Amino acid sequence: MTALSEGQQWSAKDQNFPPAFLKFLEENEIDPTIYGQSVNLPRYIRINPTLDEKEIVGELKKELNTDIWEVPGVPGFYGLDGTIKIASSALYKAGKVFGIDLSSGLAVYALDVRPDDHILDLCCAPGAKLCMIADSLGKDGSGTVTGVDISEHRAATCRSLLKKYKVFRARVFVHDGTTFNIHAPTVCVHPGRCVRKGGEKSHLKVGCSGPQVTEDAIVPEKAQKPFYAPRLLRDDPQHIHPDLLYDKYDKWGWDNFEKNFLNPDRINTITKLQKDLISRGWELLKSGGVLVYSTCSLSRKQNEEVIEWFIRNHQDCELQDIPHIEHLTYTKAKSHSDDIDLSKCARFEPLVSSTSGFFVARLKKK
């Protein structure tokens, strides 16, 4: 975190920030000038990977009459002036461009998605990450992405986005992420690899890479149907089996929590929620799998303290470097404990990184 001079501290106080706000910033080692300066952060977009990227960028520049630049080291991502509205763009409406923050994109890239991975996202709304994960799986593997959100309204937003961009590898459940217990799907999502029996497609992953369903698999008596799923995932029997855990888990923080950050009880409640979510995701993650923890907050309680707590309570985890960020400007996280090194975790701050504030960590399950 950038150190503050005495002059900078007084400058922050001159902004007439409430004392409770300044105390919060100090306790979390957040530079007050982040909030004391007017910063025009770029807007970020992702080009639909099924299309000609250069062609779409050229069309978009012409349509919006603005400069568009490629984000270094982050394939498919571009920045443009933050005042530009893309919702009215014909290319956006046609599903050729995604509106997605760079922080979401980096969280997905940190997963290092492989074609046969089964990925779980316990905070999936509004759905842009689900689309990006599904795109990252490609067309030739058997991988899937399962999204979970506690709000039916937000899940409906995800469904609309998945339909708009014709994503068929993703399913969405309306469920409390802290108690979600549906394992990775057992159906084959690649039609060319499914075995037919008597003219019907098998629901088992016969012929696909990845775990096979064995006789000791359990089928819940009242399996919860997805809120939304494409045809190939709609009728999954939802076996509960240790070989059907997830390969990757993306834990994304609650975007609007900071509107109540002056309330200590609210912070403590959300911190507990974050710990419950990351713990549930870890239980559903197979050995050798990867968990990416990311929040849209710069609060130490939400970030460093959660990761420190998690490392202390899970001897089977390994903190790893985050891929695809070496070309970006960010701050290495710091621990207040001598026995834990958090330098592999990254903090992105508006004034430093020209992004919205967020934190990301990558953990591997041994």
Side-chain angles (χ1 to χ4, degrees), residues 1-2 4 12 17-18 20-37 39 41 44 100-108 110 121-126 128-129 149-151 154 177-178 249-281 291-311 319 322 325 328-336 340 342-363:
M1 184 68 66
T2 304
L4 294 177
F17 291 140
F21 183 36
L22 291 173
K23 181 180 179 182
F24 171 85
L25 297 180
E26 181 180 359
E27 289 177 348
N28 286 278
E29 301 179 12
I30 300 175
D31 186 341
T33 60
I34 291 175
Y35 299 93
Q37 296 184 25
V39 181
L41 296 177
Y44 293 98
I100 179 172
D101 194 78
L102 182 60
S103 56
S104 296
L106 290 176
V108 174
D121 185 350
L122 287 183
C123 295
C124 65
K129 278 196 292 93
D149 201 284
I150 197 170
S151 164
R154 291 196 297 265
T178 64
Y249 165 53
D250 185 16
K251 163 64 193 72
W252 183 250
W254 291 43
D255 290 350
N256 295 318
F257 88 91
E258 278 194 348
K259 67 183 178 182
N260 295 315
F261 67 99
L262 292 183
N263 184 342
D265 292 335
R266 176 63 172 161
I267 296 174
N268 292 334
T269 298
I270 295 180
T271 299
K272 182 181 182 305
L273 173 62
Q274 300 284 36
K275 290 178 178 179
D276 289 344
L277 286 170
I278 193 174
S279 297
R280 180 83 281 254
L291 180 150
V292 170
Y293 178 86
S294 184
T295 77
C296 56
S297 166
L298 293 177
S299 162
R300 285 192 55 84
K301 286 184 178 294
Q302 296 285 145
N303 301 320
E304 286 89 345
E305 291 186 14
V306 169
I307 296 300
E308 288 175 1
W309 167 84
F310 190 81
I311 291 174
L319 198 60
I322 301 164
I325 65 172
L328 301 175
T329 303
Y330 64 94
T331 303
K332 293 183 178 180
K334 296 179 181 179
S335 173
H336 283 177
I340 295 180
L342 296 183
S343 60
K344 292 182 178 181
C345 304
R347 298 175 67 94
F348 288 81
E349 304 157 25
L351 295 181
V352 174
S353 310
S354 294
T355 65
S356 57
F358 69 100
F359 171 93
V360 60
R362 175 185 163 107
L363 295 160

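Just so it is clear, the model here is predicted, and its values are computed rather than measured.
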**Request:** Please name all residues satisfying side-chain contact (heavy atoms from CB on, under 4.5 Å) with Ala333, sequence neighbours left out, ordered by chain then number.
**Result:** Glu304, Leu342, Cys345, Arg347, Phe359
**Message:** For Ser343, give me all partners under side-chain contact (heavy atoms from CB on, under 4.5 Å), at least two apart in sequence or on another chain.
**Reply:** Lys332, Asp341
**Request:** Give the minimum heavy-atom separation between Tyr293 and Gln274, together with the two atoms involved.
**Result:** OH-CB, 3.6 Å
**Item:** side-chain contact (heavy atoms from CB on, under 4.5 Å) against Ala346, all qualifying residues, sequence neighbours excluded
**Value:** Ile322, Ile325, Tyr330, Phe348, Val360
**Message:** Tyr44: which residues meet the ring-ring contact (aromatic ring centres under 6.0 Å, His included) condition with it, sequence neighbours left out?
**Reply:** none
**Atom of Ile270, atom of Gln302 and distance for their closest heavy-atom approach** = CG2-OE1, 3.3 Å
**Request:** Mind checking the CG-CZ spacing from Leu319 to Phe310? Nearest 0.5 Å is all I need.
**Result:** 10.5 Å
**Message:** With a 3.5 Å distance limit and no angle check, can you tell me whether Asn303 reaches the backbone of Ser297 through a side-chain donor-acceptor pair?
**Reply:** yes
**Request:** Enter the distance from Glu305:CD to Thr271:OG1 here, rounded to the nearest 0.5 Å.
**Result:** 7.5 Å
**Complete:** Separation between OG (Ser335) and CD1 (Ile307), nearest 0.5 Å, reads 11.0 Å
**Asked** Would you call Tyr249 and Leu277 a side-chain contact if the rule is heavy atoms closer than 4.5 Å?
**Response** yes
**Fill in**
Of all heavy-atom pairs linking Asp250 and Ala107, the shortest is OD1-CB, 4.2 Å
**Prompt:** Hey, does the side chain of Ser353 reach the backbone of Thr329 with a donor-acceptor pair shorter than 3.5 angstrom?
**Reply:** yes
**Request:** Report the distance from atom CG of Leu41 to atom CG of Leu351, rounding to the nearest 0.5 Å.
**Result:** 8.0 Å
**Prompt:** How would you list, by chain and number, every residue that makes a side-chain hydrogen bond (donor to acceptor under 3.5 Å, both in side chains) with Ser356, sequence neighbours excluded?
**Reply:** Asp101
**Asked** When rounded to the nearest 0.5 angstrom, what distance separates CG in Asp276 from CG in Leu122?
**Response** 11.5 Å
**Asked** Is the closest side-chain heavy-atom distance between Glu308 and Arg300 below 4.5 Å?
**Response** yes
**Complete:** For Arg280, the side-chain hydrogen bond (donor to acceptor under 3.5 Å, both in side chains) test, sequence neighbours excluded, returns Asn181, Glu283
**Reported CZ-to-CG distance for the pair Arg154 and Asp149, which is rounded to 0.5 angstrom** = 4.0 Å
**Request:** For the residue pair Leu106 and Thr355, establish whether any side-chain heavy-atom pair is separated by less than 4.5 Å.
**Result:** no
